Amino acid sequence: MKLARPSFASLSILRLTIAAIAFLLTVWTQWLPSANVTLANEWLRDRFIVARASSAPENRIAIVDIDDASQSADGKWPWPRTQVARLLENILGPYGARGVALDIIFSETADHDGDLRLARLAQHMPLVMAQALDYDGSHQVALRVGQLAGGKPAAADGAARGIMLANGYVANHAGLAQVAAHAGNIGFIPDRDGVLRRLPMQSRFGGRLYPTLSLALFECCAAGPPIRPAASLRAGAGQTGQTARSPLPPARSESGRNESGNNELGGNELGGNEMSGNAGLARLAYGRQWLAYRVLAAEDILHQRLPPQALKGKLVIVGSSSLSLSDRVPTPLDKSISGFMVHAAALSSLLDTREGKTPSPWPGQWLACLFALGVTLLATYTFPRLSAVANAGLLVGASALWVGAAYLIAPHDAEFSTTGPLLSNLFLLVVAVPFAWQLSQRQSRHLLGALHQYVAREVVEELLRSDIADPLTPGLRTVTTLIADMEGYTGQVESLPVEEAARLTRDFLDCLTGPVLAAHGTLDKYTGDGLVAFWGAPLPNPEHADLALDAAFAILERVREFSAARKASGMPHVRVRIGIESGVAMAGDFGSSFRSIYTAVGDSVNTASRLQEAARELQHDIVIGDGTARRAKRHRLTLLGKKILRGKEKPTILYTLSATIDAGREADIEANLEATLEATLEATLEATLAASGETILAADRDASHQAPVRPAMTRAELSDEHFNATSAIDAPLDTAS
């Protein structure tokens, strides 16, 4: 019974639907990503950052670190304000730094002389004081520690893209804040996984805009044209990036604690606020490895142990890597690094942007979508045609190719999702590959059930690789049909026991079947003592005629060996008769809902049957029709003559394989052809002469009204003309057809 299967149209719709979903996944990740997709994208971008980070020294920036060694040499933190002021005076004075950013907050007053010296430096020197804005809106009482300094009036639409909204702050005490000419924000918000990848380049609080510490130092002290804050970190894909919900890290104060003794901003205990869109956070490029930055110990600057050229003309950031100050954050380059290093990386990107060293912008989102579209279209074409393993390999290769492309695109676009096409490929691998495999298995079961018994294994495998909707559907095909049976089968089996008759039949059919399948033929049916096979269906094959002749010659050899073995055992010999003809036939799965068979029907099939019958009279094992002779390219054929076959009105030209004829039989064939030709000429001459006589009598009666007629041809002349007209057909062929 035939299997009910989905129609070709429905399968096509399913394949296109799967491809469309795969493509839309990439579109979704580019413009509406989920949290998990975002984290996967950030993880891959982190790998790119690590691979791309340069080790070239950053000579424009220097970092002065109040590290544990400096605290051991000059006293534990907090240092007296006079000592901090002397450190800054040395940096700006004897060492000639271009500007300094102090990554420390003094929210409380201390010794008067020290505060006074710090205030004078903040008022008259290129010194940027630090203050931390709080972005967490979950506090019942907003943070208001110290007094904010600097800032510019914000426009009415200050909450637009590129501007962060702050809810509170921790700043320096009023004595410093009121006189500070420059101030920078050191507050930041890590991503959901805790990694710091972005900084709020500008923040809005109380109707004023406050720059981040690196931007404030750049605007204060870096020579060159001003830079737009919204684009300030576009160096290395530093466009404004996504925000993330995460707690605000603690700000640096002089003592690390506020007046009450608690952490000033609550550390990781604070909940982050959810911000919409991409507002306010700019992606950091992290274009250099940490070893590329020159870090100097504060004690060496404090006691002027280094040469003046160590800081001359540089932008300097002063901070502390001491674990006691809890100023460490995870970044793509390191699981734990001092916070002032992040500001150094941001400042380095700003300087690169000013110098035109940043990559030009690319449309990464559109490139990702185009790549995903190409892969899905390719998969739609290959999945029905390749094996599941090959399709999986194709997707793995496409994924590797995309990772390489994303590595190149990432510095040019901070917005696009590097994992979008990978998600599409994963969907195709999980859904489309099993779907195509299931369809292949279903088609395999159907084809194997229908063809395994009468089609060569190679043909079945090729059918499975093809994308033919239903190769068994009846249709017109150009085929070559081979029909073979045993001569004298009835007489042989009548005298044999049933078991021996069955063994003879089985062994003889094995001699016929093996060569047919070896030549990639389709076994139509067994006819008791013979078989019907054809080439050219269910798959077209331009060599169908030659393959059939190959099988015929192999059958003849097998039967001769089989017959010789029987004669050696004292049994009668067997002979095979084969008829072969080529032409158009209807090939397909014919039958009813109860039973069907794959067969071919048509005039060429009937002619092959008549040729097999003619082999009995001609005493040739293989008789070939004119259709096969005209299509065969690799075999030498010998003309046997013409014969009117049973059921035919016109003579059929007969051939046989030259390789099957010995020299003696060649002479017999020539003699038979001469006799046949002579008899044909005699009959033709008699008929022609009789017709000519009637023509002459009629011409005499009308001589007075007719033009002179051509004299009647002599028998010899007629014979010559007839021979010339027929010799091209009747002459024996001993050349390749």
Side-chain angles (χ1 to χ4, degrees), residues 1-27 368-402 420-479 520-522 535-544 587-589 596 598:
M1 181 179 294
K2 295 183 179 180
L3 296 174
R5 297 183 299 157
S7 66
F8 178 74
S10 63
L11 291 179
S12 298
I13 292 174
L14 284 174
R15 287 175 180 144
L16 290 176
T17 300
I18 293 174
I21 293 174
F23 171 67
L24 290 176
L25 283 175
T26 294
V27 176
C369 290
L370 287 176
F371 186 92
L373 180 62
V375 171
T376 52
L377 291 178
L378 179 62
T380 303
Y381 175 81
T382 62
F383 278 17
R385 294 168 173 82
L386 300 180
S387 65
V389 174
N391 284 317
L394 176 67
L395 291 176
V396 171
S399 299
L401 180 62
W402 169 249
L422 298 180
L423 182 61
S424 295
N425 292 349
L426 179 62
F427 176 81
L428 291 173
L429 185 64
V430 173
V431 176
V433 171
F435 174 74
W437 180 83
Q438 181 64 28
L439 289 182
S440 175
Q441 292 300 304
R442 189 185 187 107
Q443 185 183 26
S444 299
R445 289 191 295 269
H446 176 77
L447 290 174
L448 290 175
L451 298 176
H452 184 68
Q453 298 299 320
Y454 45 85
V455 177
R457 180 184 300 275
E458 293 82 358
V459 177
V460 176
E461 292 175 354
E462 188 173 353
L463 281 170
L464 296 178
R465 290 192 297 267
S466 69
D467 194 29
I468 301 176
D470 191 349
L472 306 183
T473 301
L476 290 177
R477 306 281 195 276
T478 300
V479 301
H520 300 175
T522 299
W535 285 256
L539 284 177
N541 192 325
E543 297 184 353
H544 56 86
D589 192 10
S596 63
Y598 189 84

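Bear in mind the structure is a predicted one, so any value in this text is a computation, not a measurement.
- Considering Thr376, Leu377, Val375 as possible partners of Phe23, the one that fulfils the side chain to side chain contact (heavy atoms under 4.5 Å, CB included) test is Thr376.
- Taking all atoms of both residues into account, the shortest heavy-atom contact from Pro538 to Arg477 is O-NE, 4.1 Å.
- Evaluation of the side-chain contact (heavy atoms from CB on, under 4.5 Å) rule for Ile18 yields Phe427, Leu428, Val431, Ala432, Phe435 as partners, not counting sequence neighbours.
- Between the CD atom of Glu543 and the NE2 atom of His520 there is a distance of 10.5 Å, given to the nearest 0.5 Å.
- In this structure, Ala379 and Pro384 approach most closely via the heavy-atom pair O-CD, 4.3 Å.
- Nearest heavy-atom pair, His544 versus Val479, reported as atom, atom and distance to 0.1 Å: ND1-C, 3.9 Å.
- The side-chain contact (heavy atoms from CB on, under 4.5 Å) search around Leu476 returns Val584, Met586, not counting sequence neighbours.
- The side chain to side chain donor-acceptor pair (under 3.5 Å) check on Thr26 picks up Ser424, with sequence neighbours excluded.
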Please tabulate, for side-chain N and O atoms in residues 388-401, each donor-acceptor pair with protein atoms closer than 3.5 Å (sequence neighbours left out).
unit_1 : atom_1 : unit_2 : atom_2 : d
Asn391 : OD1    : Thr382 : OG1    : 3.3
Asn391 : ND2    : Phe383 : O      : 3.4
Asn391 : ND2    : Leu386 : O      : 3.2
Asn391 : ND2    : Ser387 : O      : 3.2
Ser399 : OG     : Leu395 : O      : 2.9
Ser399 : OG     : Asn425 : ND2    : 3.0

